[in-house]
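Presented below is the structure to which this report refers.
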Number of protein chains: 4
Amino acid sequence: MVNIASTEKIARRREDILQAAITVFADKGYHSASIADMAAILQIGHGTIYRYYKNKKALFDAVINSILQNLATVVQDEPPTTDSLLEYKGQIVRISDRLIAIFQTDRRIARIALYETIDGNNDAADRVTASFSLFARFIQEYMRNGVEKGFLRKNMDQEIAARIVTSMIFETVKAATVEESSELLIARWRDEIIQIMIGGLGA
Amino acid sequence: MVNIASTEKIARRREDILQAAITVFADKGYHSASIADMAAILQIGHGTIYRYYKNKKALFDAVINSILQNLATVVQDEPPTTDSLLEYKGQIVRISDRLIAIFQTDRRIARIALYETIDGNNDAADRVTASFSLFARFIQEYMRNGVEKGFLRKNMDQEIAARIVTSMIFETVKAATVEESSELLIARWRDEIIQIMIGGLGA
Amino acid sequence: MVNIASTEKIARRREDILQAAITVFADKGYHSASIADMAAILQIGHGTIYRYYKNKKALFDAVINSILQNLATVVQDEPPTTDSLLEYKGQIVRISDRLIAIFQTDRRIARIALYETIDGNNDAADRVTASFSLFARFIQEYMRNGVEKGFLRKNMDQEIAARIVTSMIFETVKAATVEESSELLIARWRDEIIQIMIGGLGA
Amino acid sequence: MVNIASTEKIARRREDILQAAITVFADKGYHSASIADMAAILQIGHGTIYRYYKNKKALFDAVINSILQNLATVVQDEPPTTDSLLEYKGQIVRISDRLIAIFQTDRRIARIALYETIDGNNDAADRVTASFSLFARFIQEYMRNGVEKGFLRKNMDQEIAARIVTSMIFETVKAATVEESSELLIARWRDEIIQIMIGGLGA
DNA sequence: GATGAATGAGCCTTCATTCAT
DNA sequence: GATGAATGAAGGCTCATTCAT
């Protein structure tokens with residue numbers, strides 16, 4: 001029981017540090033964020049942070065992973081089994097809405113997921129791109145399903161169309177995550193995406 | 001007259017420094033780039049750089065501005081006066097192609113424009129966003145024109161549709177700027193964008 | 001009785017820690033050795049070590065003392081009562097051999113005794129010097145005995161000659177403790193020392 | 001001329017830093033010595049030291065090299081061409097005296113050359129051993145010469161005898177470098193070494 | 001008695017910026 | 001005008017030591 005309590009405490013502290021890190025990374029960006037900043041938020045010694053994360057980079061990786069896991073749930077709950085364009089549309093809306101919800105609930109996550117990169121040769125940026133890819137992969141599955149079932153057009157370049165749709169979704173999310181975004185604005189984005197997906201721009 | 005020559009020389013040096021800065025910022029990212037790196041490329045004393053730019057941040061701002069000016073020419077040459085969906089389509093293709101050309105001619109610019117951010121509170125990122133808006137504004141003009149002339153659908157939310165199209169274009173540009181991108185791949189992107197713009201995804 | 005058992009247990013743990021310390025100090029040197037390393041070897045909490053030794057320095061001192069005690073036995077078994085140059089020679093050989101044996105049995109001890117120093121102002125180094133003096137003192141007794149009995153030359157500066165002989169012995173020991181030393185090499189050293197002691201270098 | 005002056009100034013500063021480093025390393029030992037200590041002695045910013053030496057390790061290496069160069073001159077001035085035991089003896093005395101002179105002139109050098117090591121696996125320690133080897137190599141040449149010319153005994157194991165003599169010399173040097181050593185004491189050491197080298201300990 | 005979580009002093013190192021030459 | 005030597009703020013990281021459990 002002592003162990004359980006202790007394990008729990010350790011997990012809590014790891015989580016606290018993670019949260020402080022998210023805050024500081026979101027606020028200042030990777031390079032300008034300092035370990036001391038995070039320690040200050042938690043009012044703990046900065047050495048303590050190193051008991052939980054090997055170094056600054058590892059902590060940032062943990063932040064990225066945490067965010068990606070968070071985002072991944074959004075698509076994982078949406079199986080590629082819709083049977084009509086209407087259902088498909090609903091699915092895209094749900095995904096957008098849940099992404100927006102996550103980012104609005106925690107602006108810090110939006111800051112990091114949508115804008116943060118480290119350096120020329122880092123893999124955190126690649127991992128963020130990977131998150132984008134994750135979404136694109138799922139979206140592509142939806143398309144394959146739609147083409148198969150006949151409610152999406154056959155001549156579609158599924159891989160690329162998936163990435164285009166993903167970019168539309170993320171653009172919506174970005175718009176929704178901006179300071180002054182309103183429910184109304186978000187609705188306009190959502191509607192327009194749907195319109196374009198269904199019938200394009202043509203008259 | 002001496003002054004003219006001198007002024008010219010000053011301008012040339014400013015430009016040299018700017019180019020060196022673009023190279024280094026693209027290669028290492030803002031934080032890892034050092035003033036000394038740039039001076040080394042130019043084989044000048046690094047103190048000299050401070051005679052031409054107030055500080056590192058100002059130099060980066062200049063880099064961003066230079067790139068944005070470069071990009072701006074792309075849309076400025078395209079008047080919102082097309083008369084059919086086909087012409088409109090051609091315009092979008094031209095814009096994409098010219099953006100891609102710029103980025104392929106100078107990979108450094110792509111690196112900085114598409115991926116570089118500095119900190120939480122920088123305005124360079126905002127400026128890039130602003131440039132994105134510039135594109136969106138032009139695209140929106142094309143749309144207003146298209147709706148007016150009747151070849152684009154009337155119920156379109158022009159502002160948002162413009163931003164969505166812009167994001168599709170930039171996504172194409174990103175794909176085209178990746179190391180392994182081929183002419184064929186770029187063509188696939190271009191085609192799919194056009195397809196979606198014209199008729200959406202539906203069967 | 002409980003106390004006796006307990007006392008014994010305490011002594012055993014003190015000894016375990018000492019041995020772990022010898023291992024780590026020998027391996028990494030004083031500064032790079034960490035208390036945590038030692039605790040890890042023993043699979044005990046590193047806080048525990050502080051219940052047995054005041055601090056890192058005290059632990060190192062204990063290590064040094066332990067080694068010195070070990071070395072001291074070598075000379076203490078050799079009384080200054082030999083009656084001929086031949087017997088004297090045998091004594092020197094025995095001392096060398098026993099020192100070599102100790103260091104070869106436990107390379108860690110050699111590492112620490114022959115090479116380790118801490119800082120400018122440490123007394124551990126002084127203590128090693130003191131141990132060297134201990135040997136010199138014994139050797140000097142052998143010499144006093146030899147001069148008295150007439151088999152060593154009378155004009156000898158006994159104190160200094162003793163230290164010189166001690167240094168020759170330790171040099172042999174060092175040579176013997178090197179990684180690639182062989183029985184043959186050790187024999188060569190032993191023989192040459194004897195030759196020099198007996199008749200010098202002259203033809 | 002400007003360059004000459006500047007080069008000279010740079011050399012002087014490099015040397016100043018080296019001297020400060022020798023002082024601090026001698027006083028505190030490698031690990032406890034801090035770059036800030038050295039900068040404080042010179043009353044310069046500690047960043048300045050990094051303009052002249054890559055890092056702490058490189059600075060220490062420079063110190064070691066400087067000392068070794070210093071010591072090397074001692075043997076390099078003594079060619080292996082003596083023609084009698086007497087001349088040979090004189091040579092050994094000169095070497096000892098010059099070593100002692102160096103160490104007495106600069107106690108710091110003695111501290112570092114005779115006692116300093118870094119860690120388990122460093123090469124600075126090896127380099128000091130190398131200095132010892134350097135001396136041994138020269139001494140061995142003297143011996144080869146002596147045996148060839150017939151004034152040293154033929155059955156000598158030259159390599160080992162050389163190292164033994166080297167150790168005797170260094171032991172003398174150590175004794176002479178101790179705080180309380182007097183001219184008289186040094187003379188006693190020198191005389192006894194000579195005695196042992198010439199005729200050993202036997203009566 | 002044992003533990004190991006927490007702490008923070010302490011140190012190396014980088015590099016933007018200044019300014020005397 | 002150009003230079004580059006000097007500076008020191010700033011920050012990552014380690015680990016001996018303490019002490020509540």
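Since the model is a prediction, treat every value here as computed from it, not as a measurement. Naming: A, B, ... by sequence-line order, numbering from 1 per chain. Reckoned from all heavy atoms, side chains included, excluding hydrogens, waters and symmetry mates.
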Please step through side-chain contact (heavy atoms from CB on, under 4.5 Å) for the pair B:Phe25 and B:Arg108, ending with a clear verdict. CA-CA 8 Å; B:Phe25 282 134; B:Arg108 304 172 307 165; over 6 Å; no
Report which part of the nucleic acid A:Ala33 touches: base, sugar-phosphate, or nothing (heavy-atom distance under 4.0 Å, all strands). sugar-phosphate
Can you give me the first and the last nucleotide of DNA chain E (5' to 3') that has an atom within less than 4.0 angstrom of a non-hydrogen atom in chain B? E:dA16 to E:dT18
Contact between [X] and [Y] at the side-chain level, heavy atoms closer than 4.5 Å - yes or no?
X        : Y        : answer
D:Phe103 : D:Leu71  : yes
A:Lys57  : A:Tyr30  : yes
D:Arg107 : D:Thr177 : yes

Strand DNA chain E in bracket notation, Watson-Crick/G-U under 3.5 Å with | for pairs to another chain: .||||||||||||||||||||
Atom pair [atom1] ([X]) and [atom2] ([Y]), whose distance is rounded to the nearest 0.5 Å:
X        : Y       : atom1 : atom2 : result
C:Ile64  : C:Leu68 : CD1   : CG    : 6.5 Å
B:Asn65  : B:Leu18 : CG    : CG    : 9.5 Å
A:Ser66  : A:Ile22 : OG    : CD1   : 4.5 Å
C:Leu114 : C:Ile67 : CG    : CD1   : 9.5 Å

Enumerate donor-acceptor pairs with a distance under 3.5 Å from any side-chain N or O in residues 41-54 of chain C to protein atoms, sequence neighbours excluded.
from	atom 1	to	atom 2	distance (Å)
C:Thr48	OG1	C:Gly45	O	3.1
C:Tyr53	OH	C:Arg14	O	3.0

Strictly below 4.0 Å, heavy-atom distances to any atom of DNA chain F: list the hits from residues 47-54 of chain B, or just say none. B:Gly47, B:Thr48, B:Arg51, B:Tyr52
For residues 38-46 of chain A, which residues have at least one heavy atom under 4.0 Å from DNA chain F? A:His46
Please tell me which of B:Arg13 and A:Ala36 maps to the more 5' nucleotide of DNA chain F, matching each residue to the nucleotide holding its nearest heavy atom. B:Arg13
Single hit among D:Gln19, D:Arg13, D:Arg12 for side chain to side chain donor-acceptor pair (under 3.5 Å) with D:Glu15: D:Gln19
For D:Asp37 and B:Ile35, take the nucleotide of DNA chain E holding the closest heavy atom to each; which residue's nucleotide lies nearer the 5' end? D:Asp37
Could you give all pairs that pass the salt bridge (Lys or Arg N to Asp or Glu O under 4.0 Å) test and reach residues 31-44 of chain C, with sequence neighbours left out? C:Lys28-C:Asp37
Considering all heavy atoms of both residues, which atom of C:Val24 and which atom of C:Ala33 are nearest to each other, and what is their separation? CG1-CB, 3.5 Å
So D:Lys56 and D:Leu59, side-chain contact (heavy atoms from CB on, under 4.5 Å) or not? Walk me through it. CA-CA 5 Å; D:Lys56 188 181 178 180; D:Leu59 181 47; 5.6 Å; no
